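What follows is a single structure, written as structure tokens, with notes after it.
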Protein chains: 2
Amino acid sequence: MREGPDIARIASLVGDPARANMLTALMGGTALTASELALEAGVSLPTASSHLSKLMEGGLLTLASQGRHRYYGLAGPQVAGMIEAITGVAASVGPQRVRPGPRDAAMRVARVCYDHLAGEQAVAMLDRLVDKKVLIRDDNDIRLGQSAASHFAALGIDVESKARRPVCRACLDWSVRRSHLAGTLGAAILDKILLEKWARREKDSRAVVFSPLGKQAFEKVFLA
Amino acid sequence: MREGPDIARIASLVGDPARANMLTALMGGTALTASELALEAGVSLPTASSHLSKLMEGGLLTLASQGRHRYYGLAGPQVAGMIEAITGVAASVGPQRVRPGPRDAAMRVARVCYDHLAGEQAVAMLDRLVDKKVLIRDDNDIRLGQSAASHFAALGIDVESKARRPVCRACLDWSVRRSHLAGTLGAAILDKILLEKWARREKDSRAVVFSPLGKQAFEKVFLA
DNA sequence: AGAATACTTCGATGAAGGACGAACTATGCG
DNA sequence: CGCATAGTTCGTCCTTCATCGAAGTATTCT
């Protein structure tokens with residue numbers, strides 16, 4: 001009846017809770033082993049293995065075998081973008097099954113979203129960059145302002161786009177319900193934050209924890 | 001186990017073939033009745049009705065009742081964007097169950113994608129606009145060039161973004177496997193094409209058919 | 001080699017949900 | 001009012017697929 005790509009096939013892969021949890025976990029940007037993903041999804045190892053082979057077959061994941069460990073990761077930015085888009089819709093239409101408990105307070109403040117920073121800090125950063133006209137924003141569309149090149153060069157970040165991805169992009173933050181910065185620039189900023197050791201990634205979590213001094217440095221540079 | 005929006009719920013709504021066909025049909029931009037959608041999805045009326053109420057409950061559709069007709073349409077640009085993202089992934093990973101038969105030759109040349117033009121013509125147009133530096137492109141990120149405002153003003157199109165949507169955006173074309181122009185600018189250009197009667201929409205299809213004179217005019221303006 | 005860890009495959013079970021026909025409601029037309 | 005068209009609701013059938021335990025393969029450790 002219909003022509004074109006088989007969108008139901010892809011969507012139904014994401015449409016299972018266990019697989020959706022795995023994909024969400026992989027939005028953390030680092031590849032995870034089958035056991036870790038089983039834990040994350042709350043299913044047994046055999047079940048997880050079955051899901052993983054389906055996701056592989058569907059082309060949503062990549063696999064890197066290292067000895068007896070098999071590391072699964074998102075197949076690429078396009079897949080990550082799709083997950084973001086679905087998350088965005090779910091966040092805006094969904095009757096929130098959210099309970100912003102103290103448990104994930106750290107997640108609300110700052111966390112990793114595939115390869116860039118998300119959470120309150122990230123939202124505040126984007127707001128400030130737009131205020132200072134370093135970035136210029138039309139809702140979901142973000143582009144570089146006049147001063148962007150020099151502003152980021154001073155931080156050792158090259159804004160010239162060499163990669164096959166947008167430099168800037170808005171990514172809806174599910175915890176704050178406002179956008180933060182994605183794209184190569186967002187990824188470069190997260191790199192910088194971790195490289196300078198302003199913050200470290202919490203083990204087994206997407207949370208990003210700033211050190212007291214790191215927080216000062218970050219705020220001086222991005223929120224001043 | 002996991003917090004945040006219920007992405008599996010949304011994805012599983014799209015993950016059923018019948019519903020996916022309906023949503024794809026609605027990417028045509030015009031609202032359709034329950035019977036039309038049933039036909040499009042290849043299911044009986046009761047089945048379609050059941051699917052439609054699920055999609056409504058999920059917040060993916062809007063409903064406008066007119067007499068005994070009930071017109072269903074996509075809930076908004078965010079939902080359309082999600083469908084695009086899924087379609088993009090499906091097109092790039094999928095082993096194409098495509099048979100580019102002569103039947104949809106017209107679709108390959110030009111068709112509607114929610115509210116903008118897609119197909120070979122649209123891809124060629126974007127290429128040309130980038131060549132002429134009217135638009136500047138970093139892969140999926142597209143922004144206005146210096147000459148954009150005057151260029152489009154001459155066509156009666158205002159590029160200032162008033163709406164809550166990006167002005168320009170790249171949208172992956174499943175038939176050509178390259179990008180065409182979406183966003184408010186893409187929508188405005190399609191409006192212009194239809195308003196000037198350079199082309200008309202094929203009945204019961206997303207295909208857009210240019211008249212001989214209209215094709216000349218379009219090519220003169222956008223492909224010269 | 002033998003044992004332990006990491007993961008997959010197999011087989012059986014069970015629940016979720018997609019399908020349609022028949023009956024019901026609502027709007028329009030003569 | 002009676003008939004036709006548009007759509008929904010109900011009940012039932014039936015397929016699909018997620019789940020897990022048990023057994024099998026692969027890799028590393030000692």
Side-chain angles (χ1 to χ4, degrees), chain A residues 1-2 6-26 30-73 97 203-204, chain B residues 1-2 6-26 30-73 97 203-204:
Chain A
M1 17 233 102
R2 295 240 117 238
D6 196 347
I7 126 175
R9 193 172 97 90
I10 301 301
S12 68
L13 282 174
V14 187
D16 175 83
R19 288 192 292 261
N21 284 338
M22 289 174 170
L23 291 168
T24 305
L26 290 173
T30 52
L32 300 172
T33 65
S35 337
E36 289 169 326
L37 287 166
L39 194 68
E40 201 73 44
V43 293
S44 72
L45 241 170
T47 304
S49 183
S50 153
H51 285 306
L52 288 169
S53 54
K54 278 170 195 168
L55 288 171
M56 282 298 293
E57 199 183 354
L60 299 190
L61 299 185
T62 51
L63 173 58
S65 289
Q66 278 177 31
R68 58 179 161 181
H69 294 274
R70 313 192 73 183
Y71 288 94
Y72 290 92
R97 56 159 189 185
K203 191 161 156 47
D204 296 332
Chain B
M1 17 233 102
R2 295 239 117 237
D6 195 347
I7 128 174
R9 192 172 98 89
I10 299 301
S12 67
L13 281 175
V14 187
D16 175 83
R19 286 193 293 260
N21 284 337
M22 289 175 170
L23 291 168
T24 306
L26 290 173
T30 52
L32 299 172
T33 65
S35 338
E36 288 170 326
L37 287 166
L39 194 69
E40 201 72 44
V43 294
S44 72
L45 241 169
T47 304
S49 182
S50 154
H51 285 307
L52 289 169
S53 54
K54 278 170 194 167
L55 288 171
M56 282 296 296
E57 199 182 356
L60 299 190
L61 299 184
T62 52
L63 174 58
S65 290
Q66 277 177 31
R68 57 178 163 182
H69 294 275
R70 312 192 73 181
Y71 288 92
Y72 290 92
R97 56 160 188 184
K203 191 160 157 46
D204 297 332

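Quick note on labels: first sequence line is chain A, next is B, and so on, each numbered from 1. Bear in mind that the values here come from a model prediction, so they are computed numbers and not experimental data.
In this structure, CG of B:Asp16 is placed 17 Å from P of C:dA16, rounded to the nearest angstrom. Rounded to whole Å, atom C1' of D:dA6 lies 13 Å from atom CG of B:Leu52. Atom CE of B:Met56 is separated from atom P of D:dT8 by 10 Å (rounded to the nearest Å). When the C1' atom of D:dT8 is taken as reference, atom CG of B:Leu55 falls 16 Å away, rounded to whole Å. B:Leu39 places its CG atom 13 Å from the P atom of C:dC20, with the value rounded to the nearest Å. Per the geometry, CG belonging to A:Leu32 stands 15 Å off P belonging to C:dA6, to the nearest Å. The distance between atom OH of B:Tyr71 and atom C1' of D:dA6, rounded to the nearest whole Å, is 11 Å.
A donor-acceptor pair is defined here as one N or O able to donate and one able to accept, closer than 3.5 Å; no such pair exists between the side chain of A:Ser49 and the backbone of A:Leu45. The backbone N or O of B:Ala8 sits nowhere less than 3.5 Å from a side-chain atom of A:Arg19 that would complete a donor-acceptor pair.
An OP1 or OP2 oxygen of C:dG17 is reached within less than 4.0 angstrom by no side-chain nitrogen or oxygen of B:His51. A:Lys54 has a side-chain polar atom (N or O) that falls below the 4.0 Å cut-off from OP1 or OP2 of D:dA18. Considering only side-chain N and O atoms, B:Tyr72 lies under 4.0 angstrom from the phosphate OP1 or OP2 of D:dT8. Using a 4.0 Å cut-off, no side-chain N or O of B:Arg70 falls inside it from OP1 or OP2 of C:dA26.
Distance check, rounded to the nearest 0.5 Å: CG of B:Leu39 to CG of B:Leu32 gives 10.5 Å. Once rounded to the nearest 0.5 Å, the distance linking OH of A:Tyr71 with OG1 of A:Thr62 reads 13.5 Å. Atom NE2 of A:His51 and atom CE of A:Met56 lie 16.0 Å apart (nearest 0.5 Å).
Within 4.0 Å (heavy atoms only), A:Ser53 reaches no atom of the nucleic acid at all.
Between the side chains of A:Ser50 and A:Thr47, no donor-acceptor pair of N or O atoms lies under 3.5 Å.
Checked against C:dT8, C:dA6, C:dA19, the side chain of B:Ala18 finds its nearest nucleotide in C:dA19.
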How does protein reach along nucleotides 20-30 of chain D, written 5' to 3' as B (base within reach of a heavy atom under 4.0 Å), S (only sugar-phosphate), or - (no contact)?
BBB----SS--

Can you list the steps and then say if B:Leu23 with B:Leu13 is a side chain to side chain contact (heavy atoms under 4.5 Å, CB included)?
CA-CA 10 Å; B:Leu23 291 168; B:Leu13 281 175; over 6 Å; no

